[in-house]
Amino acid sequence: MKEKRHAKILELIRTVDVGTQEELCELLNREGFPTTQATVSRDIKELKLTKVSAQGGGKKYILLSDTGEEMNEKYNRVFIDGVVSIDMAQNILVIRTVSGMAMAVAAAIDSMNCHEIVGSIAGDDTIMCAVRTVEDTVSLMRQFRKLLV
């Protein structure tokens, strides 16, 4: 039952902007998965969901990686604390970091398993990621900026 509930949670957060545990609990109950807020809280931790800014100013839960290999909390913190700015030049994503943090942030990005990134080079305070297409670069830049909010 737990596996089916987890699958339903992932389906729900991909199709609906779910901002609170109570909302998720209500949606699960409507979908035939009787559950409590405490169970939903445990599920969120087990699935390693995180909140990002949603369009319209609210927050919503997301799975950091659809491959099942979610970025762990340590890498998430390194990314958030280390990134200063994100910009692009064609299909190159340029990420500025706190001095000395580029390698750690690059490792955090690598843990995200972004199929759009062909390769990355990290210096002291700058990371350059070669991205497959300009469109992928724009999409990645948006995703990374959402993590920083």
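Residues meeting the side chain to side chain contact (heavy atoms under 4.5 Å, CB included) test with D124, sequence neighbours left out: S99. Every residue meeting the side chain to side chain contact (heavy atoms under 4.5 Å, CB included) condition with E26, not counting sequence neighbours, appears here in chain and number order: R30. Every salt bridge (Lys or Arg N to Asp or Glu O under 4.0 Å) that D43 has, sequence neighbours left out, goes to R5. Considering only residues two or more places apart in sequence or on other chains, D125 meets the salt bridge (Lys or Arg N to Asp or Glu O under 4.0 Å) condition with none of them. Residues passing the ring pair (Phe, Tyr, Trp, His ring centres under 6.0 Å) test with F144 are F79, sequence neighbours excluded. Residues passing the salt bridge (Lys or Arg N to Asp or Glu O under 4.0 Å) test with E11, sequence neighbours excluded: K8. For K2, the salt bridge (Lys or Arg N to Asp or Glu O under 4.0 Å) test picks out E46, with sequence neighbours left out. A search for side chain to side chain donor-acceptor pair (under 3.5 Å) contacts involving Q21 returns Q37, not counting sequence neighbours.
Under the ring pair (Phe, Tyr, Trp, His ring centres under 6.0 Å) criterion, no residue pair touches residues 16-35, with sequence neighbours excluded. Pairs engaging residues 100-119 under the salt bridge (charged side-chain N to carboxylate O under 4.0 Å, His left out) rule: none recorded [sequence neighbours left out]. Pairs of residues two or more places apart, or lying in two chains, never qualify as ring pair (Phe, Tyr, Trp, His ring centres under 6.0 Å) while including a residue from residues 90-115. Applying the salt bridge (charged side-chain N to carboxylate O under 4.0 Å, His left out) definition to pairs two or more places apart or across chains, none involves residues 139-149.
Under a 3.5 Å cut-off, the side chain of T97 and the backbone N or O of A102 do form a donor-acceptor pair.
Two residues are said to be in side-chain contact when any heavy atoms from C-beta on lie closer than 4.5 Å; I13 and V16 fail this criterion. With contacts defined as side-chain heavy-atom distances shorter than 4.5 Å, the pair I127/I121 does not qualify.
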